[in-house]
Amino acid sequence: MIVLKIGGSSLKTVQSLDLIIRLLQQQTDKRRIIVLSALNGVTNHLMKSTAEALQTDRKISGLLDYLCTLHREWIINAIASPVLKNRVKDEIDYLLSRLEKLLYGIAYTGECTRRTRDLVASMGERLAVHLLAGYLTDRQIEAVGLEADKIGIVADGDFGNATANLPQTAEKLPLSVLPYVEKGVIPVITGFFGVTVDNHTITFGRGGSDYSAAVVAAALNCSELQIWKDVDGFLTADPTIAPDAQPLTYLSYDEAAELSYFGARILHPRTVGPLAQRNIPAVIKNTFRPEAPGTRIGAEKRQNDGIIKSVTFNPQIGYLRLEGAGLGQQVGFLQQVVSVLSQHDINIISVITAQTAVNLLLEKSDINRSKSFIEMTSIPGIDHLEPVLDVALVGVVGEGLSATRGLAARVFAAVAESGTNVEMIVSGASQVAQYFIIKESDVVPTILAIHREFFSKKNN
Ligand code: ASP
């Protein structure tokens, strides 16, 4: 049994549905489950609708009309059978009427909690699964649309950034999903969200359908996860910066996880976790170029001759420096800082410490908030707090990185030659990754210099 995750970027036009049929026809020897994103652009439209509803109720009907017209066009153009057309239309009308009530609720109360925002955001995937299931059934491939909260993808954590509860999900999904598979019906499951134990819809964060697909694959012990996108998989660098970036055909779980967490915008950062836990291989493929090998991800650790497999960057990460002469000696200091920030749902990406300073790597949007929360708590020992926002994080990733002599010297010699100053370094924390902080304005020359050193030179 395999899971195919189909992304919104693969669902841009009605014609892209034919590509999905082709993918399914190539794998008739396997039992298949689909995890689906919303149609291209729909989640953004829903987030915009929430923001608009908070201002006024006057735009709601126009915002809903857009979704209604979009989905109806797909129904009209994709489904031939009048009975199926009506069935899908009814399902979509029902979802849109729920959405309408939610948006008016937001407009009239003038408030929108993160819980409500998640429920609104989940509508795109709900609309899409019924559409695709209707289309497949119309083409003689029997399918059923299933919504994650009804089948029991259990999750907890923060609204907008939940984590799946794999043991509970693994108890529920065999009961709710396998009976369809056994009857030869393809389940088309909503990505992006799950359900809390007290029955509220909760999302996994933007791009979360990759993670949903990994959770479904792990909970049902599938033999493979295929992630279908509009790119060929991971590359040696961002091709908009390094036009000679090459595709990567294989990454270990650790390499893929580090790359996803720290920049490469290919996979939702948490996707690798459930796969690694159950040892399920994944492959990222391009829907529009299925003949390209894509990137395989698995347990085996393969070392390249040049060791480094990819260089990545994240301009959304900055840091908050906490300075104080005796910080390194102060028992429980970090615990106090972590507790303040976690009370406000702020995620600390990494911590780099010395005896006189503690640097918290944070999302830039969290840095000034974090400074105020720490100041309000008056944690003893801090003399000064310095937010640093004009920086970016660069990462190099490859199996064997921390164990190879001279590699760091090569990376930093290339960076120095490009004229970039390195402000801070994290090395050895992961066996496969090394990170450093530079000025945001230096990102392009830095990435180019490292890429040239490891991928464009003749001796590699
Ligand atoms: N539709 C959601 C988003 O655009 C989830 C996903 O596509 O993975 O973020």
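Heads up: numbering here begins at 1 and tracks the sequence.
- Taking a 6.0 Å sphere around CZ of Arg87, one finds it holds 12 or fewer heavy atoms contributed by other residues, nucleotides or ligands.
- A 4.5 Å side-chain heavy-atom check between Ser37 and Ile6 finds every atom pair outside the cut-off.
- Here the side chains of Phe192 and Ser122 are not in contact, with every heavy-atom distance at 4.5 Å or above.
- With no hydrogens or angles considered, no side-chain donor-acceptor pair links Asn77 and Arg72 at under 3.5 Å.
- In this structure, CG in Leu39 is found 12.0 Å from OG in Ser9, a value given to the nearest 0.5 Å.
- Residues Gln246 and Thr236 bring no donor and acceptor atom of their side chains to less than 3.5 Å of each other.
- Taking both residues in full, the closest heavy atoms of Cys222 and Val3 are given as SG-CG2, 3.7 Å, listed atom of the first, atom of the second, then distance.
- Defined by atom type and a distance below 3.5 Å, a donor-acceptor pair is missing between the side-chain atoms of Asn359 and Thr353.
- Side-chain atoms of Thr50 never come within 3.5 Å of backbone atoms of Arg117 as a donor-acceptor pair (strictly under, hydrogens ignored).
- Using a 4.5 Å heavy-atom cutoff, the side chains of Val181 and Met1 are in contact.
- Heavy atoms only, all atoms of each residue included: Val35 and Ser209 are closest at CG1-O, 4.0 Å.
- Salt-bridge check for Glu423 with Lys439: passed, with a basic side-chain N closer than 4.0 Å to an acidic carboxylate O.
- To the nearest 0.5 Å, atoms CZ (Arg32) and CG (Leu4) are separated by 8.0 Å.
- In this structure a side-chain-to-backbone donor-acceptor pair under 3.5 Å is present from His45 to Leu63.
- Arg206 and Asn44 share a donor-acceptor pair across their side chains, judged by distance under 3.5 Å alone.
- Considering only heavy atoms from C-beta on, Val396 comes within 4.5 Å of Leu401 through its side chain.
- Partner of Leu220 under the side chain to side chain contact (heavy atoms under 4.5 Å, CB included) criterion, chosen from Ile280, Thr169, Val177: Val177.
- Between the side chains of Asp149 and Thr201, a donor-acceptor pair is found at a separation under 3.5 Å.
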Chi angles and distances behind the side-chain contact (heavy atoms from CB on, under 4.5 Å) call for Val337, Ile374: CA-CA 7 Å; Val337 173; Ile374 294 172; 4.1 Å; yes

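- Side chain of Asp158 to main chain of Gly160: no donor-acceptor pair is present (N/O by atom type, distance under 3.5 Å, no hydrogens or angles).
- Shortest non-hydrogen contact noted between Ala392 and Val443 is CB-CG2, 3.5 Å.
- No side-chain donor-acceptor contact under 3.5 Å links Gln168 to the backbone of Asn165.
- Here the rule is salt bridge (Lys or Arg N to Asp or Glu O under 4.0 Å) with Glu224, and of Lys285, Arg296, Lys30 only Arg296 fits it.
- Looking at every heavy atom in both residues, Lys364 comes nearest to Pro315 through NZ-O, 2.7 Å.
- The structure places CG of Leu322 at 5.0 Å from CG of Leu320, a figure rounded to the nearest 0.5 Å.
- Using a distance-only test at 3.5 Å, with no hydrogens or angles considered, no donor-acceptor pair links the side chain of Thr28 to the main chain of Leu24.
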Pair Arg410-Glu453, salt bridge (charged side-chain N to carboxylate O under 4.0 Å, His left out): steps then yes or no: CA-CA 8 Å; Arg410 247 181 102 187; Glu453 171 66 26; 2.7 Å; yes

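- Relative to the six-membered ring of Tyr250, Arg302 meets both conditions, a distance below 6.0 Å and an angle of at most 45° to the axis.
- Shown here for Thr271 and Pro274, the closest heavy-atom pair between the two residues is O-CD, 3.3 Å.
- Salt bridge Asp210/Lys229: present, at least one basic N to carboxylate O contact under 4.0 Å.
- When only modelled atom types and interatomic distance are considered, Tyr135 and Asp18 share a side-chain donor-acceptor pair under 3.5 Å.
- Leu36 pairs with exactly one of Thr190, Leu11, Ile189 by the side chain to side chain contact (heavy atoms under 4.5 Å, CB included) rule, that one being Leu11.
- A donor atom on one side chain and an acceptor atom on the other are found under 3.5 Å apart for Thr113 and Thr116.
- Below 30°, between 30° and 60°, or above 60°: for His200 and Phe159 the angle between ring planes is above 60°, a perpendicular geometry.
- Between the side chain of Arg126 and the backbone N or O of Glu147, no donor-acceptor pair lies under 3.5 Å.
- A donor atom on one side chain and an acceptor atom on the other are not found under 3.5 Å apart for Thr287 and Arg22.
- Annotation: side chain of Leu99 is in contact with side chain of Leu64 (closest heavy-atom distance under 4.5 Å).
- Closest of all the heavy-atom pairs between His451 and Ala237 is CD2-CB, 3.5 Å.
- A salt bridge links Arg289 to Asp232: at least one charged side-chain nitrogen sits closer than 4.0 Å to a carboxylate oxygen.
- Ring geometry for His268 versus Tyr211: interplanar angle under 30°, hence parallel rather than tilted (30 to 60°).
- A salt bridge links Lys301 with Asp254: at least one charged nitrogen is closer than 4.0 Å to a carboxylate oxygen.
- Under a 3.5 Å cut-off, the side chain of Thr404 and the backbone N or O of Leu407 do not form any donor-acceptor pair.
- The pair Asp345-Arg369 fails the salt-bridge criterion, with no side-chain N (NZ, NE, NH1 or NH2) lying under 4.0 Å from an Asp/Glu carboxylate O.
- Under 3.5 Å, the side chains of Gln431 and Glu399 contain no donor-acceptor pair of N or O atoms.
- Between Thr420 and Thr446, the side chains place a donor N or O and an acceptor N or O closer than 3.5 Å (distance only, hydrogens not considered).
- In this structure, the side chains of Lys183 and Glu142 stay at 4.5 Å or more apart for every pair of heavy atoms.
- With rounding to the nearest 0.5 Å, the separation of OH in Tyr66 from OG in Ser49 is 10.0 Å.
- Between Asn314 and Tyr261, every side-chain heavy-atom pair lies at or beyond the 4.5 Å cut-off.
- In terms of modelled atom types and a separation under 3.5 Å, the side chain of Asn304 and the main chain of Gly306 share no donor-acceptor contact.
- A heavy-atom distance below 4.5 Å is found between the side chains of Phe313 and Asp238.
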